[in-house]
Amino acid sequence: TLYGATPYSTPPIIQEEIDTLDKSKNPVFKNAQSNYFLALNDGVIVGRVAVMINWVEVNQLKKKKVRFGWFDVVDDINVTVALMEKVYNIGNENNMDFIEGPVGFSNLDKAGMLIKGFEENNTMITWYNAPYYYDHFKKLGFKDLAVWVEYEIVLSSFEESPEKIKKFSNLMLHRYELKVLDFKSKKDRGLKPIFFEKIGDRKTSRDQMKINLIKILESQGFKIKNKK
């Protein structure tokens, strides 16, 4: 694989990626369209790209842009050019004004291209990419739209954390009716370990997996408030 030997790349959950791109499962397709392309060299995959148009963004927000994401490529700018030509063509066919990426279908999806910190582990909300990606796009004339900085904040304890973090944490606890569990004192708190059974395989639908998981949790004494 492209990043198989890279210890800093965090691979996505494959089924979530498939579901996101599946028109029968992702509700975004009610107002969006997409095309997926692979670049091949002698039968070997050397690049990929997803080309998307979010029609809510275009028609309601008046942002006539074509999006691209799920972009990966070997270090060959000719492959990048070939993939981006697909993006250009779809944008032109739909009278779009500009291109933006790498992004997802909306601003709730993963976005951005790594330009620094290649020796750090990426998180599951970000894409990891090699340094040459940025070089390719600079040579093609792309400009930075925004620059985001990701921080790792290490806290010794919740009590010593800043007030903003305490406020945000308490907000999440109340909004989603969560509980704080101290796993270091499991024995003292009378908690017992849970051994999860298999809830499904690749052929099991997400809805059925959820049903199976709820059954297991209820058998362990958990009360599930929202089973939808």
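Remember, predicted model here, so these are calculated numbers, not experimental data.
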Return all side-chain donor-acceptor pairs below 3.5 angstrom for residues 164-173, not counting sequence neighbours, or 'none' if the list is empty.
from: K166; atom 1: NZ; to: E159; atom 2: O; distance (Å): 2.8
from: S169; atom 1: OG; to: I165; atom 2: O; distance (Å): 2.8
from: N170; atom 1: ND2; to: K166; atom 2: O; distance (Å): 3.1

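- The backbone N or O of I18 sits nowhere less than 3.5 Å from a side-chain atom of D22 that would complete a donor-acceptor pair.
- In this structure, D76 has no salt bridge (Lys or Arg N to Asp or Glu O under 4.0 Å) partners at least two apart in sequence or on a different chain.
- For Y133, the ring-ring contact (aromatic ring centres under 6.0 Å, His included) partners are F71, not counting sequence neighbours.
- In this model, a donor atom of one side chain and an acceptor atom of the other lie less than 3.5 Å apart for D19 and Q15.
- With sequence neighbours excluded, no residue forms a ring-ring contact (aromatic ring centres under 6.0 Å, His included) with F118.
- Counted within 6.0 Å of NZ on K63, heavy atoms from surrounding residues, nucleotides or ligands total 12 or fewer; the atom is thus considered open.
- With sequence neighbours excluded, no residue forms a ring-ring contact (aromatic ring centres under 6.0 Å, His included) with Y134.
- Taking CG of N129 as the reference point, atom CG of D72 lies at 8.0 Å (rounded to 0.5 Å).
- One N or O on the side chain of K64 and one on the backbone of N95 form a donor-acceptor pair closer than 3.5 Å.
- Looking only at distances, a side-chain donor or acceptor of N54 sits under 3.5 Å from a matching main-chain atom of E57.
- The neighbour count for I77 CD1, taken as heavy atoms of other residues, nucleotides or ligands under 6.0 Å away, is above 12.
- Cluster annotation: F137 and W70 are assigned to distinct hydrophobic clusters (Ile/Leu/Val/Met/Phe/Trp/Tyr, side-chain heavy-atom contacts under 4.5 Å, transitive).
- For K138, the salt bridge (Lys or Arg N to Asp or Glu O under 4.0 Å) criterion is met by D144, not counting sequence neighbours.
- In the hydrophobic clustering, V56 connects to no other residue, as no ILVMFWY side-chain heavy atoms lie under 4.5 Å from its own.
- If you chain together hydrophobic residues whose side chains sit under 4.5 Å apart, W55 and L21 never meet in one group.
- Side-chain contact check for T126 and Y128: no donor-acceptor pair (N or O, by modelled atom type) lies under 3.5 Å.
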Using atom types as modelled, flag every donor-acceptor pair under 3.5 Å from a side chain in residues 7-14 to any protein atom, sequence neighbours excluded.
from: T10; atom 1: OG1; to: N122; atom 2: O; distance (Å): 2.7
from: T10; atom 1: OG1; to: N122; atom 2: OD1; distance (Å): 3.2

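- Applying the under-4.5 Å side-chain rule to Ile, Leu, Val, Met, Phe, Trp and Tyr, the cluster around L145 consists of that residue alone.
- By the side chain to side chain contact (heavy atoms under 4.5 Å, CB included) test, D75 is found to be paired with Y132, H136, residues two or more places apart in sequence or in another chain being considered.
- Judged as a salt bridge (Lys or Arg N to Asp or Glu O under 4.0 Å), and not counting sequence neighbours, D97 has no contacts.
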Quiz: residues 98-112 side-chain donor-acceptor pairs under 3.5 angstrom, not counting sequence neighbours:
from: E100; atom 1: OE1; to: K65; atom 2: NZ; distance (Å): 2.9
from: E100; atom 1: OE2; to: K65; atom 2: NZ; distance (Å): 2.9
from: S106; atom 1: OG; to: L108; atom 2: N; distance (Å): 3.2
from: N107; atom 1: OD1; to: R67; atom 2: NH2; distance (Å): 3.3
from: D109; atom 1: OD2; to: F105; atom 2: N; distance (Å): 2.8
from: D109; atom 1: OD2; to: S106; atom 2: N; distance (Å): 3.2
from: K110; atom 1: NZ; to: M124; atom 2: O; distance (Å): 3.4

